[in-house]
Amino acid sequence: MTKLTRVRVLFAGSPHVAVPTLQALVDANSELVGVLTQPAQPVGRKRVLTATPVEDCARKNDVPVFTPRSSAEVLNAVKQCVPDVVIVVAYGRLLDQDCLDAVPQGWWNIHFSLLPRWRGAAPVPHAIRNGDSETGLTLFRIDSGLDTGDIAMTRSHRIDADDTTGTLLAKLAERAPEMALELVSKLASHEVELAPQSGEASYAPKPDPDSGAMGWSATGHKVYEQFRSVTPEPGAYGRRDDTGDRVKILAMHAEKTDQLLAPGAITDSPDGVLVGTGTYPLVVDVVQPAGKKPMEAKDWLRGLAPGVGFHA
């Protein structure tokens with residue numbers, strides 16, 4: 001079989017976690033023919049139209065950028081670029097069969113879980129929320145199903161006890177480039193071996209914005225898993241039991257203590273602010289009260305009337 005000495009690569013991705021793989025393809029002098037990413041979106045209170053991190057990276061490296069809003073526009077971009085393969089990391093768009101069929105070597109996704117566990121848009125927060133001790137990366141060929149394609153390679157990764165969705169995504173994102181570069185090398189020599197997915201599938205839809213409302217009546221272990229799973233997005237918060245105001249919880253840690261508090265009750269501690277759960281309390285380090293900037297939880301506590309806590 002004739003070997004492809006160069007593989008024309010189209011990259012598809014949008015958020016920060018996709019940038020390391022794009023940059024690796026640039027640095028490796030891959031024949032990168034273009035980038036697909038989501039269109040710019042309004043961001044912040046002033047709704048400033050902001051390009052994706054992937055678009056910013058592509059433009060800094062003089063890579064052509066396409067921001068299709070429909071399947072037809074995706075297909076048009078593919079026809080302009082004429083890629084041999086498309087590598088996908090967190091692109092954020094479902095692909096129809098016409099798009100899949102238009103690329104000779106296929107579309108390949110680096111998914112942040114060990115498939116078939118946690119198919120869907122948010123595998124990392126679901127892995128943390130469900131107490132998984134291990135996750136990883138799966139590189140598979142995209143087909144018409146939801147993350148159901150045959151697997152080319154996997155990489156396991158331990159979930160540390162204090163990992164949040166943000167820290168774990170960053171770790172996985174740094175491991176993704178090696179898989180992308182290996183795929184390009186194997187495609188060039190037609191050495192890719194595929195295996196069907198096996199085992200019981202589970203699904204990871206995008207978390208609801210209200211999933212950050214802390215349920216203090218659960219065990220301390222479960223409350224901490226919830227916090228870790230929604231940090232930094234959509235963000236953890238508690239509601240004051242006197243005013244109902246939302247208080248964002250930006251940093252928290254688990255620390256074994258013999259002190260007992262009712263769920264949602266608050267008291268001071270040497271390290272921060274203790275908040276009661278269904279078992280042991282947790283230490284809240286940094287908060288952001290409604291309408292204010294982030295602050296040390298100890299400083300916030302000084303301004304509360306005695307007895308104020310969170311709704312359990």
Side-chain angles (χ1 to χ4, degrees), residues 7 9-15 17-18 21-22 35-38 52 54 66 68-79 81 83-130 132 134-157 165 168-169 172-173 175-176 179-180 182-184 186-187 190-208 211 229:
V7 177
V9 178
L10 179 62
F11 181 78
S14 297
V17 295
T21 301
L22 171 57
V35 163
L36 301 175
T37 191
Q38 293 284 12
T52 69
V54 162
F66 301 85
R69 296 180 179 275
S70 67
S71 294
E73 290 183 2
V74 172
L75 185 58
N76 184 56
V78 169
K79 289 179 178 179
C81 293
D84 297 309
V85 61
V86 185
I87 296 176
V88 181
V89 181
Y91 178 30
R93 176 181 291 279
L94 295 176
L95 303 164
D96 65 20
Q97 195 62 48
D98 287 341
C99 292
L100 297 178
D101 292 341
V103 181
Q105 297 284 324
W107 294 67
W108 299 80
N109 186 27
I110 301 178
H111 185 76
F112 288 9
S113 79
L114 297 175
L115 292 172
R117 187 160 180 80
W118 303 129
R119 293 172 175 167
V124 169
H126 281 271
I128 292 174
R129 185 82 179 250
N130 285 271
D132 292 1
E134 183 183 61
T135 185
L137 299 157
T138 302
L139 193 155
F140 69 96
R141 183 162 182 164
I142 297 175
D143 60 16
S144 59
L146 177 63
D147 299 331
T148 55
D150 289 346
I151 294 173
M153 62 187 82
T154 61
R155 298 289 186 272
S156 297
H157 189 93
T165 289
L168 184 52
L169 278 171
L172 295 172
R175 297 191 63 183
M179 300 179 81
E182 184 176 341
L183 174 69
V184 173
K186 287 185 174 182
L187 286 172
H190 297 279
E191 295 175 349
V192 178
E193 295 183 2
L194 295 175
Q197 295 186 26
S198 62
E200 184 176 355
S202 56
Y203 294 90
K206 186 176 180 179
D208 186 277
S211 63
S229 73

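With rounding to the nearest 0.5 angstrom, the CE atom of Met153 is 4.0 Å from the CD atom of Glu182. Remark: Leu114 CG to Thr138 OG1 distance equals 5.0 Å, nearest 0.5 Å. Between Arg141 atom CZ and Asn109 atom CG the span is 13.0 Å, to the nearest 0.5 Å. Between the CZ atom of Arg175 and the CD1 atom of Ile110 there is a distance of 11.5 Å, given to the nearest 0.5 Å. Here CG of Leu139 is found 5.0 Å from CE of Met179. Values are rounded to the nearest 0.5 Å. With values rounded to the nearest 0.5 angstrom, Asp101 atom CG is found 11.5 Å from Leu95 atom CG.
Contact annotation: the side chain of Asp84 never approaches that of Leu187 to less than 4.5 Å [non-hydrogen atoms, C-beta and beyond]. The shortest side-chain heavy-atom distance between Val89 and Phe11 falls under the 4.5 Å cut-off. Side-chain contact between Ile87 and Val184 is present, with heavy atoms from C-beta onward closer than 4.5 Å. Counting heavy atoms from C-beta outward, Val17 and Leu172 have side chains that stay 4.5 Å or more apart. The closest side-chain heavy-atom distance from Val192 to Gln105 is not below 4.5 Å. Looking only at side-chain heavy atoms (C-beta outward), Asp98 and Ser71 stay at 4.5 Å or farther from each other. Between Thr135 and Val124, every side-chain heavy-atom pair lies at or beyond the 4.5 Å cut-off.
For the pair Arg93 and Glu73, the salt-bridge criterion is not met [side-chain N within less than 4.0 Å of a carboxylate O].
Taking every heavy atom of both residues into account, Leu22 and Val54 meet most closely at CD2-O, 3.7 Å. For the pair Ser144 and Leu100, the tightest heavy-atom approach, listed with the atom from each and the gap, is N-CD1, 4.1 Å. Residues Ala102 and Leu75 approach most closely at CB-CD1, 3.6 Å, considering heavy atoms. Taking every heavy atom of both residues into account, Ala90 and Pro15 meet most closely at O-CD, 3.0 Å. Taking each heavy atom of Gly120 and Asp147 in turn, the nearest pair found is N-OD2, 2.7 Å. Heavy atoms only, all atoms of each residue included: Pro83 and Leu10 are closest at CB-CB, 3.7 Å.
A donor-acceptor pair is defined here as one N or O able to donate and one able to accept, closer than 3.5 Å; no such pair exists between the side chain of Ser14 and the backbone of Thr37. Judged by distance alone, the side chain of Thr165 and the main-chain N or O of Ser229 form a donor-acceptor pair under 3.5 Å. Remark: the backbone N or O of Pro123 is not paired with any side-chain donor or acceptor of Ser113 at under 3.5 angstrom. A donor-acceptor pair is defined here as one N or O able to donate and one able to accept, closer than 3.5 Å; no such pair exists between the side chain of Asn130 and the backbone of Asp132.
Residue pairs satisfying the ring pair (Phe, Tyr, Trp, His ring centres under 6.0 Å) criterion with at least one member in residues 83-121, sequence neighbours excluded, are listed as follows: Trp118-His126. Contacts classified as side-chain hydrogen bond (donor to acceptor under 3.5 Å, both in side chains) and involving residues 192-204 (residues at least two apart or in different chains) are given here: Arg119-Gln197, Arg119-Tyr203.
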